[in-house]
Amino acid sequence: MCGIVGYVGWRSVQDVVVGGLRKLEYRGYDSAGIAALAGGQVCAVKSVGRLANLEARLAAQPLDGSVGIGHTRWATHGRPSDENAHPHLDCGGRFAIVHNGIVENYLTLRAELLQRGHVFQSETDTEVIAHLMEELYDGDLVSTTLNVVRRIRGAYALVVLHRDDPERLIAVRRSSPLVIGLGQGEQFIASDIPAILEYTRDVYVLDDGELAVVRRDGVECFTLSGEPVNKQPFHVTWDAVAAERGGYAHFMLKEIHEQPRAIRDTLTGRVADDHARVILPELNWSPEVAAGIRRIHIVACGTAWHAGLVGKAVLEQLVRIPVEVDIASEYRYRDVIAPEGTLVMVISQSGETADTLAALRAAKARGNRVLAITNVVGSSVAREADDVIVTWAGPEIAVASTKAYTTQLVALYLFATYLAQERGMLRGDEVRALLTALDSLPQAAEQVLDTAPQIQQFARRYAGVHDTFFIGRGLDYPLALEGALKLKEISYIHAEAYAAGELKHGTLALVTDGVPVIALVTQTHLYDKTLSNIKEVKARGAYVLGLTFVGDEQLAESVDEVIYLPRTLPLVAPAVAVIPLQLLAYYAAVERGNDVDKPRNLAKSVTVE
Ligand code: F6R
């Protein structure tokens, strides 16, 4: 997500902060900015676009001083622009704020602050923090910051600079990462270690709910209730390249492990605290719009298309309207029947995929309403769609999509529940059960990551095979498609996904002694049917790895190995069950010595037809 750099010391703040931001460029961003204390004033310079644009402005208007903060922004609330770039200032220009994450209750706070006469310069959620600092300032920067964070809900990392307290910066962490680099007569703050590795290898890694007071001569840490915390420095031994990957061997592995956070962020602010409602303020649909949808076309490519297949089943089950799912390169040339009342949904991580964009444009030209699910706020898809639900996965760098897929699923669950709720299709207890299950997904995703050693062992044994099959029924079928695609694209092992009941219509001929079959068994109502299909492949000599919920003792009797998932509603199971499949592809690719993050013949964003 966004990159943060802060500095208190004796060097040129401009050099340290811009240099640090450059080291965070790999995370992706759409604008950048810096604020420094110079001549008793807070001076800020910001620019949309690349860091080079910011540097050009700084060349014309250099920032003196040795205390300051900087930021590279990955837009969430408000399009990429100079105004929406961080740092954000209060009305009096005394506070400057950089922020990574989401202020969930910013609309309420913004309305309150507007009423009290504050004037806003941006569309961001972050700006409320600057005005709230101004509003609540009691003469002490630490107690004011503590009071402000008590008022804001959500996940964030935050750094505060104050004109009247020029010797220190305040850093706060709730969910989004933040480290403090320890130096001699100088200290650093960063959202990620590479930003400061040039200057120090000793860092405090802030834990959730901690605040650091950062001065030239030292750092003190506190809990959010103001209790001192005795932190032990962590010595970084990674080289600069490994540091960019947070110590993981590849971006893909890092991104797989980021899924609990990415799912949590995508849910943030969209589920009422009592789990009684989905809130999607970005849609702002009148009851007539929700009621007027008669059918839905979902259009996407690759992994996003697989998310669409799950979306179809979920929408049809919850909303009871027909949903078609199309591959964008087919849809754009097909003689589509999309009469009035057709909602076209496009799903795209990058928001720039040529075929998806063309399908969107064709739908708009026909007069269909287009709703986009995308990970990139300023992307073409986001700009051209009528409505957008943003997934807050953060930049995805590995070519193989992982956290974008799980957050696309979360966005689809939220939208389907929202539409069902607006059309009165669900009882209160049904909504609550669904939203409780969604809310527990981040924790379930954490737990499922513990299966990594088992999967690594399996991958070691099977990395030499030529063919493999993924089978499943119901929602386990699109899950099988995604598992097979992941394995193909990075391990180069041929993998086929089959609706388990379809095998005997031809493909079963390929299942012979020792052929690995990954059998997905998360759809309880189809359990017995899938079990019969597993027996069919076992009888032909397949080596079967089964995936089921913990507590299922029966499956182990019919397969060779089982991976157990934490229990959840079958409807939301794909968001958790895909994680072992991603790990399987990852470890198989590593075992075969492949370039995991940049597989052959593939690009991250397919902007040509
Ligand atoms: C597979 C993968 C691709 C993308 C597809 C669509 O791991 O990443 O299949 O899902 O190229 O890309 P977006 O979502 O950017 O439109």
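Source: prediction; values computed, not measured. Both counts, for ligands and for their atoms, begin at 1 and track the order of listing.
- With ligand atoms numbered from 1 in the order given, ligand 1 contributes 9 (O) to contacts under 4.0 Å with heavy atoms of Gly302.
- Annotation: atom 1 (C) of ligand 1 to nearest protein heavy atom, Glu489 OE2, 3.0 Å.
- Shortest contact from atom 12 (O) of ligand 1 to any protein heavy atom: Thr353 OG1, 3.5 Å.
- The ligand atoms of ligand 1 that sit less than 4.0 angstrom from a heavy atom of Val399 are 8 (O).
- Counting heavy atoms under 4.0 Å from ligand 1, residue Lys486 touches it through the side chain alone.
- Of all heavy-atom pairs between Leu475 and Pro478, the closest is O-CD, 3.4 Å.
- Within ligand 1, the atoms closer than 4.0 Å to a non-hydrogen atom of Ala400 are 7 (O), numbered from 1 in the order shown.
- Under a 4.0 Å N-O distance rule, the pair Glu255/Arg245 does not qualify as a salt bridge.
- Taking only nitrogen or oxygen atoms, main chain and side chain alike, Gln408 does not reach within less than 3.5 Å of ligand 1.
- Among protein heavy atoms, the minimum distance from atom 11 (O) of ligand 1 is reached at Val606 CG2, 4.2 Å.
- Ionic pairing of Arg320 and Glu316 is not present here: no N-O contact between side-chain nitrogen and carboxylate oxygen is shorter than 4.0 angstrom.
- At least one cation-pi condition fails for Arg460 and Tyr587: the charged atom is not both under 6.0 angstrom from the six-membered ring centre and inside a 45 degree cone around its axis.
- Close approach of ligand 1 to Ala304 is summarised as follows: ligand atoms under 4.0 Å from at least one heavy atom of the residue are 10 (O), 14 (O).
- Between Glu384 and Arg361 there is a salt bridge, since at least one side-chain N of the basic residue sits less than 4.0 Å from a carboxylate O of the acidic one.
- Screening Thr402, Leu487, Ile518, Ile455 for a side-chain contact (heavy atoms from CB on, under 4.5 Å) involving Leu581 leaves a single residue, Ile518.
- Ranking the protein heavy atoms by distance from atom 14 (O) of ligand 1 puts Gln349 N, 2.6 Å first.
- Residues satisfying the salt bridge (Lys or Arg N to Asp or Glu O under 4.0 Å) criterion with Arg79, sequence neighbours excluded, are Glu123.
- For residues 411-423, the set of pairs meeting the salt bridge (charged side-chain N to carboxylate O under 4.0 Å, His left out) definition, not counting sequence neighbours, comprises Arg277-Glu422.
- With salt bridges taken as basic N to acidic carboxylate O contacts below 4.0 Å, one links Arg334 and Asp326.
- Ligand 1 places these atoms under 4.0 Å from at least one heavy atom of Ser348: 13 (P), 14 (O), 15 (O), 16 (O).
- Not a single heavy atom of Leu602 sits under 4.0 Å from any atom of ligand 1.
- Ranking the protein heavy atoms by distance from atom 5 (C) of ligand 1 puts Cys301 O, 3.6 Å first.
- Distance from atom 15 (O) of ligand 1 to its nearest protein heavy atom, with residue and atom name: Ser350 OG, 2.6 Å.
- Salt bridge Arg270/Glu282: present, at least one basic N to carboxylate O contact under 4.0 Å.
- Among protein heavy atoms, the minimum distance from atom 4 (C) of ligand 1 is reached at Thr303 N, 4.1 Å.
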